[in-house]
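A short worksheet on the structure shown next.
A, B, ... follow the sequence lines: proteins, then strands. Residue 1 opens every chain. Every value quoted in this text rests on a predicted model; they were computed, and no experiment measured them. As a basis for the values below, the full set of heavy atoms in this structure was taken, side chains included, without hydrogen atoms, waters or symmetry mates.
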Amino acid sequence: MPDQMLDLYHLLLAKFGPQYWWPAETEFEVIVGALLTQQTRWESVEQAIANLKDRSLLTPAALADADQGTIEECIRCTGFYRQKAERLQLLSQYFDHNGITGILGMPVAELRRELLLLKGVGPETADSIILYAAHKPIFVIDAYTKRICECIGVTGGYETLQKHFEDSLPRDTHLYQEFHALIVMYGKQYCTRKRCNDCIIARV
DNA sequence: CACCAGGTTGACC
DNA sequence: GGTCAACATGGT
């Protein structure tokens with residue numbers, strides 16, 4: 001199957017339509033959302049983001065100086081709220097001190113290394129920030145992507161799967177953004193840990 | 001009531 | 001290198 005991944009993309013696009021990810025008003029909002037959405041429903045993240053906006057805390061400078069307890073209150077609904085509050089503040093201090101534009105403007109490889117040094121930023125969060133805040137082409141691998149890859153016989157760790165997608169697709173930021181969004185939409189509906197309903201993937 | 005969500009970390013093989 | 005509990009709230 002030469003164009004297996006591209007076929008899958010078109011299948012999902014036909015089924016769900018364009019997703020226009022990531023839903024956010026600013027690049028920093030993308031970054032905050034990427035941290036908060038770890039192991040959490042997006043609806044909870046939206047609530048937390050709204051709470052932060054209500055208190056005018058959704059900027060690197062404001063969050064960097066905010067009271068830890070206040071941050072915890074705002075993001076409690078996203079779970080793991082104590083460690084997320086601490087990590088959110090550390091991340092905000094990093095972006096505040098170094099300048100968000102300058103950081104996001106770094107070359108991809110360097111940017112990824114920098115992001116991975118931050119506490120609470122692993123491969124998926126770093127790549128989400130690069131793809132949706134820095135608008136640079138890197139493929140995000142999440143839990144749904146791993147499950148779907150198993151369905152079509154593609155196995156391996158994070159970087160292996162990432163390379164598989166990137167080697168199979170045109171290096172296009174918009175394509176990567178939409179494909180990952182479509183995978184999440186599909187996964188939410190059809191693929192949880194224990195069930196894989198009406199799998200349209202296996203036929204690709 | 002049990003299971004799950006757009007992961008990451010540190011400990012331990 | 002890989003695996004695993006801990007982290008914690010809210011929805012189904």
Roughly how many Å is it from [atom1] in [X] to [atom2] in [N], rounded to a whole number?
X: A/Phe80; N: C/dG10; atom1: CZ; atom2: P; value: 13 Å
X: A/Ile129; N: B/dG6; atom1: CD1; atom2: P; value: 17 Å
X: A/Lys146; N: B/dG6; atom1: NZ; atom2: P; value: 14 Å
X: A/Leu36; N: C/dG10; atom1: CG; atom2: C1'; value: 15 Å
X: A/Glu43; N: C/dG11; atom1: CD; atom2: C1'; value: 9 Å
X: A/Leu115; N: B/dT8; atom1: CG; atom2: C1'; value: 14 Å
X: A/Leu117; N: B/dT9; atom1: CG; atom2: C1'; value: 15 Å
X: A/Lys84; N: B/dA5; atom1: NZ; atom2: P; value: 14 Å

**Residue whose closest nucleotide on DNA chain B lies nearer the 5' end, A/Trp22 versus A/Leu116** =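 The 5'-side residue here is A/Trp22.
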**First encountered from the 5' end of DNA chain B, between A/Gly120 and A/Asp142** =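 Whichever sits nearer the 5' end wins; that is A/Asp142.
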In terms of side-chain heavy atoms of [X], which of [options] is nearest?
X: A/Gln39; options: C/dG11, B/dG7, C/dA8; answer: B/dG7
X: A/Arg147; options: B/dG6, B/dA5, B/dG7; answer: B/dA5
X: A/Arg76; options: B/dT8, B/dG10, C/dT9; answer: C/dT9
X: A/Tyr81; options: C/dT9, B/dA5, B/dG7; answer: C/dT9
X: A/Cys77; options: B/dT8, B/dG7, C/dG10; answer: C/dG10

What does [X] touch in the nucleic acid at a heavy-atom separation under 4.0 angstrom: a base, only the sugar-phosphate, or nothing?
X: A/Glu124; value: sugar-phosphate
X: A/Thr78; value: nothing
X: A/Lys188; value: base
X: A/Ala181; value: nothing
X: A/Ile75; value: nothing
X: A/Val45; value: nothing
X: A/Gly79; value: base

**Item:** ring-ring contact (aromatic ring centres under 6.0 Å, His included), paired with A/Phe165, selected from A/Tyr176, A/Phe139, A/Tyr158
**Value:**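 That would be A/Phe139; it is the only one of A/Tyr176, A/Phe139, A/Tyr158 passing the ring-ring contact (aromatic ring centres under 6.0 Å, His included) with A/Phe165.
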**Asked** Going by atom types only, do A/Gln38 and A/Thr125 share a side-chain donor-acceptor pair under 3.5 Å?
**Response**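 Present: a donor and an acceptor within the cut-off.
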**Request:** Indicate whether any N or O donor in one side chain lies under 3.5 Å from an N or O acceptor in the other, for A/Gln162 and A/Asp127.
**Result:**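 Side chains of A/Gln162 and A/Asp127: pair found under 3.5 Å.
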**Prompt:** Salt-bridged, A/Arg82 to A/Glu72, with N to O below 4.0 Å?
**Reply:**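 So A/Arg82 does not pair with A/Glu72 through a salt bridge.
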**Message:** Between the side chains of A/Glu29 and A/Lys53, is the shortest nitrogen-to-carboxylate-oxygen separation below 4.0 Å, so that they form an ion pair?
**Reply:**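 A/Glu29 and A/Lys53: salt-bridged.
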**Asked** What integer number of Å spans the P atoms of B/dC1 and C/dA8?
**Response**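 Taking atom P in both B/dC1 and C/dA8, they lie 22 Å apart.
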**Asked** P atom, B/dG6 versus C/dT12: distance in rounded Å?
**Response**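 Per the computed distance, 12 Å lies between those P atoms.
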**Centroid distance under 5.5 Å and plane angle under 30°, A/Tyr144 vs B/dG6** =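 The base of B/dG6 is not stacked with A/Tyr144 (the test needs centres under 5.5 Å and planes under 30°).
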**Request:** For A/Trp21 and B/dG6, say yes or no: do the ring centres fall under 5.5 Å of each other while the ring planes differ by less than 30°?
**Result:**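 Yes; by the centre-distance and plane-angle rule, A/Trp21 counts as stacking on B/dG6.
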**Request:** May I ask you to evaluate whether A/Thr37 reaches the phosphate of B/dG7, defined as a side-chain N or O under 4.0 Å from OP1 or OP2?
**Result:**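 For B/dG7, neither OP1 nor OP2 has a side-chain N or O of A/Thr37 closer than 4.0 Å.
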**Asked** Can you check whether A/Ser92's main-chain N or O pairs, donor with acceptor, with A/Asp96's side chain at less than 3.5 Å?
**Response**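 Checking the backbone N and O of A/Ser92 against the side chain of A/Asp96, no donor-acceptor pair under 3.5 Å is found.
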**Any donor-acceptor pair under 3.5 Å from A/Gln177 side chain to A/Trp22 backbone** =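 Pair absent, no side-chain N/O of A/Gln177 close to backbone of A/Trp22.
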